[in-house]
**Student:** 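Sharing a structure here in structure tokens format.
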Amino acid sequence: MTELTDIPALLLSRIRDVADYPEPGVMFKDITPLLADPEAFSALSDAFAGIARSTGATKVVGLEARGFILGAPVAVRAGLGFIPVRKAGKLPGATLSQAYDLEYGSAEIEVHAEDLNSGDRILVVDDVLATGGTAEASIELIRRAGAEVAGLAVLMELGFLGGRARVEPALAGAPLEALLTV
């Protein structure tokens, strides 16, 4: 098993850079090699489960789509429920939605209205914090549902895009934990 101090190095070693994807000039951080490595994926899940426990979370929200892959095992390991936050129009039944602005346009996310309650403390899990738009919208959506935000945990923060500055005010003192910053 990997020593705790080696976890960031292990995780970083399993993330592949893909140049010019999805468009020229972008260096995409591909986490699929990390997911394919059981030791790295397990270390990531354990690290996030530790964050969930330390924040007192009662449920984990995973943001579409890689947040589903990362958040579900975190919820299982921490003994918590898992709630997917999806793109608009993907969930059946009654939903709450939150629109937000992107660099070029807008988007909308949704959650089942009955999945979040006033006593819930939610840890939001995602793969990357980039500009912070989706994370900020998810925090607003969780609060509108009556739940409390326990924190935001991401595998990787792209520090040069300024997402932390956008999200921290919305977190209102709840922690933002990035296992890696690039």
Side-chain angles (χ1 to χ4, degrees), residues 1 4 7-8 11 31 34-35 38 40-100 107-157 163-181:
M1 193 59 170
L4 184 61
I7 290 174
L11 298 177
I31 68 166
L34 187 155
L35 300 174
F41 194 15
S42 183
L44 172 61
S45 298
D46 287 343
F48 277 162
I51 293 168
R53 286 188 287 273
S54 73
T55 63
T58 60
K59 292 180 181 172
V60 174
V61 157
L63 304 182
E64 188 164 335
R66 289 177 296 268
F68 297 172
I69 298 167
L70 302 182
V74 170
V76 169
R77 287 203 168 150
L80 306 174
F82 176 77
I83 300 167
V85 168
R86 307 261 350 237
K87 293 176 183 170
K90 301 289 185 181
L91 292 171
T95 61
L96 289 174
S97 64
Q98 182 70 42
Y100 61 101
E108 191 172 359
I109 54 174
E110 293 180 332
V111 67
H112 275 132
E114 70 273 8
D115 288 346
L116 296 171
N117 302 300
S118 62
D120 290 330
R121 288 183 45 81
I122 307 300
L123 177 67
V124 178
V125 172
D126 205 5
D127 64 330
V128 174
L129 176 62
T131 62
T134 306
E136 181 184 43
S138 71
I139 292 165
E140 292 175 20
L141 185 61
I142 290 163
R143 288 206 176 104
R144 284 187 39 237
E148 182 182 345
V149 176
L152 169 63
V154 296
L155 165 60
M156 187 174 12
E157 178 181 354
R164 181 174 290 267
R166 179 175 182 174
V167 171
E168 281 185 330
L171 283 167
L176 191 169
E177 299 282 348
L179 300 181
L180 303 170
T181 301

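Throughout, numbering of the chain's residues begins at 1 and tracks the sequence. What you are looking at is a predicted structure, and each value in this text was computed from that prediction instead of being measured.
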**Student:** What distance do Asp115 atom CG and Leu96 atom CG have between them, rounded to the nearest 0.5 Å?
**Tutor:**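 Between Asp115 CG and Leu96 CG, I get 10.0 Å after rounding to 0.5 Å.
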**Student:** Over all heavy atoms of both residues, which pair between Ala72 and Phe82 is shortest? Give the atoms and the distance, please.
**Tutor:** N-CE1, 3.5 Å
**Student:** Taking all non-hydrogen atoms of both residues into account, name the closest pair between Asp126 and Gly67 and its distance.
**Tutor:**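 The pair with the smallest heavy-atom distance is OD1-N, 3.5 Å.
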**Student:** With a 4.0 Å cut-off, would you call Arg77 and Asp46 a salt bridge?
**Tutor:**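 Salt bridge: yes.
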**Student:** Can you name the closest pair of heavy atoms from Leu155 and Phe48 and give their distance?
**Tutor:** N-CZ, 3.4 Å
**Student:** From Glu108 CD over to Gln98 CD, what is the distance, rounded to the nearest 0.5 angstrom?
**Tutor:** 8.5 Å
**Student:** For Glu136 and Arg166, which heavy atoms make the closest approach, and how far apart are they?
**Tutor:**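 Closest approach of Glu136 to Arg166: OE1-NE, 2.8 Å.
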**Student:** Side chains of Ile7 and Leu179, heavy atoms from C-beta outward: is any pair under 4.5 Å?
**Tutor:** no
**Student:** State the CD1-CD1 distance between Ile69 and Ile31, to the nearest 0.5 angstrom.
**Tutor:** 6.0 Å
**Student:** Please, which pairs that meet side-chain hydrogen bond (donor to acceptor under 3.5 Å, both in side chains) have at least one residue in residues 54-63, sequence neighbours excluded?
**Tutor:**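 Only Lys59-Asp120 qualify under side-chain hydrogen bond (donor to acceptor under 3.5 Å, both in side chains).
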**Student:** Taking all atoms of both residues into account, what is the closest heavy-atom pair of Ala150 and Ala174, and its distance?
**Tutor:**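 Here Ala150 and Ala174 meet closest at O-CB, 3.7 Å.
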**Student:** Please evaluate residues Val154 and Asp127 with respect to the criterion side chain to side chain contact (heavy atoms under 4.5 Å, CB included), reporting the C-alpha separation (whole Å), side-chain torsions for both, the decisive distance (0.1 Å), and the verdict.
**Tutor:** CA-CA 5 Å; Val154 296; Asp127 64 330; over 6 Å; no
**Student:** Where do Leu176 and Leu129 land on the side chain to side chain contact (heavy atoms under 4.5 Å, CB included) test, with the steps shown first?
**Tutor:** CA-CA 10 Å; Leu176 191 169; Leu129 176 62; 3.7 Å; yes
**Student:** Step by step, work out the side chain to side chain contact (heavy atoms under 4.5 Å, CB included) result for Val60 and Ile83.
**Tutor:** CA-CA 6 Å; Val60 174; Ile83 300 167; over 6 Å; no
**Student:** For a 4.5 angstrom cut-off between non-hydrogen side-chain atoms, does Leu44 reach Val74?
**Tutor:** no
**Student:** Taking atom CZ as the centre, does Arg66 end up with more than 12 heavy-atom neighbours from other residues, nucleotides or ligands that are less than 6.0 angstrom away?
**Tutor:**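 Check fails, neighbour count at 12 or below.
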**Student:** Output the distance between atom OG1 (Thr134) and atom OH (Tyr100), rounded to the nearest 0.5 Å.
**Tutor:**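 The OH atom of Tyr100 is 3.0 Å from OG1 of Thr134, to the nearest 0.5 Å.
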**Student:** Go through it in stages, so that I can follow the logic: the residues are Glu110 and Arg86, the test is salt bridge (Lys or Arg N to Asp or Glu O under 4.0 Å), and I'd like the CA-CA distance, side-chain angles, deciding distance and then a yes or no.
**Tutor:** CA-CA 5 Å; Glu110 293 180 332; Arg86 307 261 350 237; over 6 Å; no
**Student:** Measure the shortest side-chain to side-chain distance between Ile109 and Ser138 over non-hydrogen atoms and say whether it is less than 4.5 angstrom.
**Tutor:** yes
**Student:** Please report the interatomic distance OG1(Thr95) to CD(Glu114), rounded to the nearest 0.5 Å.
**Tutor:** 9.5 Å
**Student:** Give, for atom CG of Leu180 and atom CG of Leu11, the distance between the pair rounded to the nearest 0.5 Å.
**Tutor:** 5.5 Å
**Student:** For residues Ala147 and Ile122, report the shortest heavy-atom separation together with the two atoms involved.
**Tutor:** CB-CG1, 3.9 Å
**Student:** Within a strict 4.5 Å, meaning less than it, do heavy atoms of the Phe68 and Leu63 side chains meet?
**Tutor:** no
**Student:** Is a side-chain donor or acceptor of His112 paired with a backbone partner of Pro92 at a separation under 3.5 angstrom?
**Tutor:**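 Yes, the answer is positive, given that a donor and an acceptor are paired below the 3.5 Å cut-off.
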**Student:** Check this for me, if you would: do Glu157 and Arg164 make a salt bridge, where the nitrogen-to-carboxylate-oxygen distance has to be below 4.0 angstrom?
**Tutor:** yes
**Student:** Side chain to side chain contact (heavy atoms under 4.5 Å, CB included) between Val61 and Val111: does it pass, once the steps are laid out?
**Tutor:** CA-CA 9 Å; Val61 157; Val111 67; 5.7 Å; no
**Student:** Do Arg143 side-chain atoms and Ala170 backbone N/O form a donor-acceptor pair below 3.5 Å?
**Tutor:** yes
**Student:** In plain terms, say whether Glu148 and Arg121 are close enough for a salt bridge, that is, a side-chain N and a carboxylate O under 4.0 Å apart.
**Tutor:** yes
